[in-house]
K.L.:
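First the structure, which I've put down as structure tokens, then a few questions once you've had a look.
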2 protein chains.
Amino acid sequence: MNIGGAARASGVSERMIRHYEKIGLVPAPARRGSGYRDYGEDDVHRLRFIANARDLGFDTGEIGALLALWSDRGRASSEVKALALARAEELGRKARRLEEMRRSLLHLADECRGDERPDCPILRGLAD
Amino acid sequence: MNIGGAARASGVSERMIRHYEKIGLVPAPARRGSGYRDYGEDDVHRLRFIANARDLGFDTGEIGALLALWSDRGRASSEVKALALARAEELGRKARRLEEMRRSLLHLADECRGDERPDCPILRGLAD
DNA sequence: TTGCACCCTGACATCGTGTCAAGGTCAAGC
DNA sequence: GCTTGACCTTGACACGATGTCAGGGTGCAA
């Protein structure tokens, strides 16, 4: 399978497939005589794993760790669970931070009449 | 005031002050004979405004718009309010997305024993 | 005068991703 | 066999916000 097919099958863009290859997240595939990359089902599977992990907010370092665990038949599930829980914790922190910013903004907006007059507590709040 | 003083007074790093100057978010300040940038209170005030807006998650484009409204004595507060509400809405979307990712992860982790055995539904979930 | 803290510009790095350019390859249809 | 269009190759530039480093100039105090 060419890179375009692997991209369609995995949901990872060609650009990112080449990128993941460069940073070592996926192995360099075999090349045809033409120089074209040649992917198999295993490669696509690995790419889909990466796409899923990325969609869950893991960064490339964490994905690398997960892939290593995934390929390691002897790993303990506790390692994976620890990674997942740490990631969940961080996601929770980020979500709370965003929610806090949102409340601050809504609070400011609440006090703003939103009419034709220039007076606006939002700008005053930002200027403090 | 030199750039270091402005940085300390505003909470914006020297690096970012120069950056904001380059992209036009703050005016180029006067220079001393030595070439040193020379800042006044107004500059610091503007930088603090930027720091606050940035902390609320506005990107530089939005901050530029807010600054223009801030400096415009005749603006209608409705414009500012619209920007703030749109930003709040986007923050809410992001927070919900993070929360959703977090729940997915916790759900996977919940089904994982987290012991010495290699069997792990988290990895199986990622591989789908 | 010496030394230290400060300033200047410019460049490179990060991270994930897009896009473009210049060129090679392949398969289908004529 | 040749043309055409879709696909592949590498490399480079870009974003946005920020850090850091290098090489050199300035200002002030002891």
Side-chain angles (χ1 to χ4, degrees), chain A residues 1-26 28-40 43-44 46-67 87 90-91 94 97-98 101, chain B residues 1-26 28-40 43-44 46-67 87 90-91 94 97-98 101:
Chain A
M1 193 184 337
N2 285 339
I3 195 172
R8 280 185 297 272
S10 66
V12 178
S13 70
E14 302 182 17
R15 176 72 175 78
M16 291 316 294
I17 293 179
R18 295 194 186 98
H19 179 62
Y20 292 148
E21 177 184 329
K22 187 150 49 176
I23 66 177
L25 219 49
V26 299
R31 299 283 185 138
R32 297 230 183 75
S34 59
Y36 285 17
R37 289 172 177 79
D38 192 6
Y39 295 94
D43 299 305
V44 171
R46 192 175 178 96
L47 286 169
R48 267 219 307 281
F49 183 102
I50 293 174
N52 286 329
R54 191 195 47 191
D55 286 349
L56 284 176
F58 288 93
D59 65 26
T60 48
E62 293 168 317
I63 293 176
L66 287 170
L67 280 167
R87 182 72 203 136
E90 194 190 332
L91 288 173
K94 280 189 186 167
R97 165 100 176 104
L98 289 180
M101 299 191 307
Chain B
M1 193 183 336
N2 285 338
I3 195 172
R8 281 187 295 273
S10 67
V12 178
S13 70
E14 302 183 15
R15 177 70 175 80
M16 291 315 293
I17 293 178
R18 295 195 186 98
H19 179 64
Y20 292 149
E21 177 183 329
K22 186 150 51 178
I23 66 176
L25 218 52
V26 299
R31 300 281 186 139
R32 298 231 181 74
S34 59
Y36 285 16
R37 289 172 178 79
D38 191 7
Y39 295 94
D43 297 305
V44 171
R46 192 175 178 95
L47 286 169
R48 267 221 305 280
F49 183 101
I50 293 174
N52 287 329
R54 190 196 47 192
D55 286 349
L56 285 176
F58 288 94
D59 65 26
T60 49
E62 293 168 317
I63 294 177
L66 286 170
L67 281 168
R87 183 71 204 136
E90 195 189 331
L91 288 173
K94 281 189 184 167
R97 165 101 176 103
L98 289 180
M101 299 190 309

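Bear in mind that the values here come from a model prediction, so they are computed numbers and not experimental data. Below, chains carry the letters A, B, ... as their sequence lines are ordered, and counting in each starts from 1.
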K.L.:
Which heavy atom of A:R97 sits nearest to which heavy atom of B:D55, and what is that distance?
P.N.:
NH2-O, 3.1 Å

K.L.:
Minimum heavy-atom separation for A:V44 to A:S10, with atom names?
P.N.:
O-CB, 4.0 Å

K.L.:
On DNA chain C, compare the nucleotides closest to B:E14 and A:S34; which residue's is nearer the 5' end?
P.N.:
B:E14

K.L.:
Provide, to the nearest angstrom, the distance between the CZ atom belonging to B:F58 and the P atom belonging to D:dG16.
P.N.:
17 Å

K.L.:
Starting at the 5' end of DNA chain D and moving along, which residue's nearest nucleotide shows up first, A:G4 or B:D59?
P.N.:
A:G4

K.L.:
Please state how far atom CD1 in A:I3 lies from atom P in D:dA6, giving the value in whole angstrom units.
P.N.:
19 Å

K.L.:
Can you tell me how far C1' of C:dG16 sits from CG of A:D55, to the nearest Å?
P.N.:
13 Å

K.L.:
With hydrogens left out and only the distance checked, is there a donor-acceptor pair under 3.5 Å joining A:Y36's side chain and the base of C:dG24?
P.N.:
yes

K.L.:
Please state whether the phosphate of D:dT10, meaning OP1 or OP2, lies under 4.0 angstrom from any side-chain nitrogen or oxygen of A:R37.
P.N.:
yes

K.L.:
Can you check side chain to side chain contact (heavy atoms under 4.5 Å, CB included) on A:R54 and A:Y20, steps first, answer last?
P.N.:
CA-CA 12 Å; A:R54 191 195 47 191; A:Y20 292 148; 3.7 Å; yes

K.L.:
In whole angstroms, how far is the P atom of D:dG27 from the CG atom of B:N2?
P.N.:
9 Å

K.L.:
Can you tell me if the side-chain N/O atoms of A:R18 get under 4.0 Å from OP1 or OP2 in D:dT9?
P.N.:
yes

K.L.:
Taking atom C1' of C:dT25 as reference, at what distance in whole Å does atom CG of A:D38 sit?
P.N.:
14 Å

K.L.:
Side-chain N or O of A:Y20 versus OP1/OP2 of C:dT17: is the shortest distance under 4.0 Å?
P.N.:
yes

K.L.:
Mind calculating the distance between CG (B:L47) and P (D:dA17) to the nearest angstrom?
P.N.:
15 Å

K.L.:
So, A:N52 side chain and A:F49 main chain: donor-acceptor pair closer than 3.5 Å or not?
P.N.:
no

K.L.:
Using atom types as modelled and distance alone, determine if a side-chain donor or acceptor of A:N2 lies under 3.5 Å from a backbone N or O of A:G4.
P.N.:
no

K.L.:
Give A:R54 one of three labels, base, sugar-phosphate or nothing, depending on what nucleic acid heavy atoms sit under 4.0 Å from its own.
P.N.:
sugar-phosphate

K.L.:
Look for any protein N or O under 3.5 Å of an N or O in nucleotides 19-21 of chain D and output each such pair with its distance, or none.
P.N.:
unit_1, atom_1, unit_2, atom_2, d
D:dG19, OP2, B:S13, OG, 3.3
D:dG19, N7, B:R15, NE, 3.2
D:dG19, O6, B:R15, NH2, 2.9
D:dT20, O4, B:R15, NE, 3.0

K.L.:
Give a yes or no on whether a salt bridge exists between A:E21 and A:R18, defined as a side-chain N under 4.0 angstrom from a carboxylate O.
P.N.:
no

K.L.:
Return the value, rounded to whole Å, for the distance between atom NE2 of B:H19 and atom P of D:dG16.
P.N.:
8 Å

K.L.:
Provide the closest heavy-atom pair for A:D38 versus A:P29 in the form atom of the first, atom of the second, distance.
P.N.:
O-CB, 3.6 Å

K.L.:
What is the distance, to the nearest angstrom, from the CD atom on B:E21 to the P atom on C:dG10?
P.N.:
12 Å

